[in-house]
Amino acid sequence: MSQMTVPFYGHVRQYHNIKAEIDKNLQEVLESGQYVMGPMLKRFEKEFADFHGMKHCIGVGNGTDALWLTFMALGIGPGDECITTVNTFFATAEAIWIAGATAVFVDSDPRTNNIDPSKIEAAITGKTKCLVSVHLYGQCADMKAIRQIADKHNLFVVEDNAQAICARGNGFEIGELSDAVCTSFIIQKNLGTFGDGGAVVTNNAEIDRKVRKFRNHGSDKRSVHSYGFNSRLDDLHAGVLSAKLKHIKEWSDLRRKWAARYSAGLAGAKNLTLPYEAPGNYHVYHLYVIETSRAEQRDPLLDYLNNNGIDAKCHYPIAIHQQEGYPWGKQARIVGGVPNSERNAACCISLPMFPELTEQEVDCTIDKLLDWDKAQS
Ligand SMILES: *Cc1c(COP(=O)(O)O)cnc(C)c1O
């Protein structure tokens, strides 16, 4: 067989599959003459709120802004502490810092890689305001446990849902157990536009009102301004997202299908740990992340895959506290050590994962991994 190459993303395949629907919405926006805060944005905000079964959706410029504008709306700022994890995309902590608050990190669960709720209470102080749960790789964090802790200590809960649109937890929906859900629509996310975008979804009218003003120069009435910024979701992006939202369930099922195929094919590999799907969860596999048994194996395996045409990657090889210069003079603290997050960073490899994969591509990746596994001592 000639050498096959397997890409990591399928953006253009996806565009071709639903080109007519996307182009129709883009044309509608172009012909309307309303490109910023226009009717297409309104339509998508309604669709996205309905999709969550929630009352409000505010489109913003990106996922990072969704998070920090939410923190601002909750009144979180200097002197306040937000508890989260170090094994996430950098923006989770970045947003806490932009708001002026302190990031307090606790360890992740060794199997799901989501925040370990049993580590949270030790990190709570009189300054703690918010628990920030990341649904890493497309699987919900243990929101029931997180909500319980938040209620006991009177804390806000914000879901960083950049990676898990359409996921479900064990007996709960995203948004059900938090104050707000923050999402990113950058192209590589499960619901991605051709560029940057983000949204806040909430049932809280006060968060809605504030984020809506913050994103538009502190204005909800023409020429009248209070404190604010510029972070809007453009109508062209809203049009793309409105077209794509209709497919997100079918795409999530496809991601799960490829994940199941990887997991069945790799089940016998002695040197790999496969993703763990917690009972009762509907994991949407934003990323299919395996771990090598030993940290020394990771970089060689990644090189081997890349040299053999498989565009595997790492999410995230450098945890937040391991970044050079951390914490850059910002307020940050680790409570109780983060050995599980450090293992995750050292051993993780993300395999190609997108709805438009083919069986041949998945099987080719599996075969290469099994060859590598056999060659390990
Ligand atoms: C992508 C991502 C973000 C940030 O989203 P942007 O749109 O790139 O600003 C935040 N948190 C997590 C977990 C992400 O994966």
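Just follow the structure's listing: the first ligand is 1, and inside any ligand the first atom is 1. Bear in mind the structure is a predicted one, so any value in this text is a computation, not a measurement. We use all heavy atoms of the structure for the numbers below, so side chains are in, but hydrogens, waters and symmetry mates are not.
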Exercise. Within a radius of less than 6.0 Å around NZ of Lys313, do more than 12 heavy atoms belonging to other residues, nucleotides or ligands occur?
Worked result: yes
Under 3.5 Å, N/O to N/O: give me all the pairs between ligand 1 and the protein, one per line with atom names and distance.
{"residue": "ligand 1", "atom": "5 (O)", "partner": "Ser184", "partner atom": "OG", "Å": "3.3"}
{"residue": "ligand 1", "atom": "7 (O)", "partner": "Gly63", "partner atom": "N", "Å": "2.8"}
{"residue": "ligand 1", "atom": "7 (O)", "partner": "Ser184", "partner atom": "OG", "Å": "2.6"}
{"residue": "ligand 1", "atom": "9 (O)", "partner": "Gly63", "partner atom": "N", "Å": "3.3"}
{"residue": "ligand 1", "atom": "9 (O)", "partner": "Thr64", "partner atom": "N", "Å": "2.9"}
{"residue": "ligand 1", "atom": "9 (O)", "partner": "Thr64", "partner atom": "OG1", "Å": "2.5"}
{"residue": "ligand 1", "atom": "11 (N)", "partner": "Asp160", "partner atom": "OD1", "Å": "3.2"}
{"residue": "ligand 1", "atom": "11 (N)", "partner": "Asp160", "partner atom": "OD2", "Å": "2.7"}
{"residue": "ligand 1", "atom": "15 (O)", "partner": "Gln163", "partner atom": "NE2", "Å": "2.8"}
{"residue": "ligand 1", "atom": "15 (O)", "partner": "Lys189", "partner atom": "NZ", "Å": "3.1"}

When the side chains of residues 192-204 are checked against the rest of the protein, which donor-acceptor pairs come out under 3.5 Å, sequence neighbours left out?
{"residue": "Thr193", "atom": "OG1", "partner": "His237", "partner atom": "ND1", "Å": "2.8"}
{"residue": "Thr202", "atom": "OG1", "partner": "Asp179", "partner atom": "O", "Å": "2.7"}
{"residue": "Thr202", "atom": "OG1", "partner": "Asn204", "partner atom": "N", "Å": "2.9"}
{"residue": "Asn203", "atom": "OD1", "partner": "Lys55", "partner atom": "N", "Å": "2.8"}
{"residue": "Asn204", "atom": "OD1", "partner": "Glu206", "partner atom": "N", "Å": "2.8"}
{"residue": "Asn204", "atom": "OD1", "partner": "Ile207", "partner atom": "N", "Å": "3.0"}

Those residues at least two apart in sequence (or on a different chain) that pass side chain to side chain donor-acceptor pair (under 3.5 Å) with Glu121 are Lys152, His153
Under the rule for side chain to side chain donor-acceptor pair (under 3.5 Å), what residues qualify as partners of Thr358, not counting sequence neighbours?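 Checked Thr358 against side chain to side chain donor-acceptor pair (under 3.5 Å); matches are Glu361.
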Query raised in the report: In terms of side-chain heavy atoms, does Asn281 have a donor or acceptor partner in Tyr276 at a distance below 3.5 Å?
Result: no
Atom pair CD/CG of Gln34 and Leu41 - distance to nearest 0.5 Å:
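Gln34 atom CD to Leu41 atom CG measures 11.0 Å (nearest 0.5 Å).
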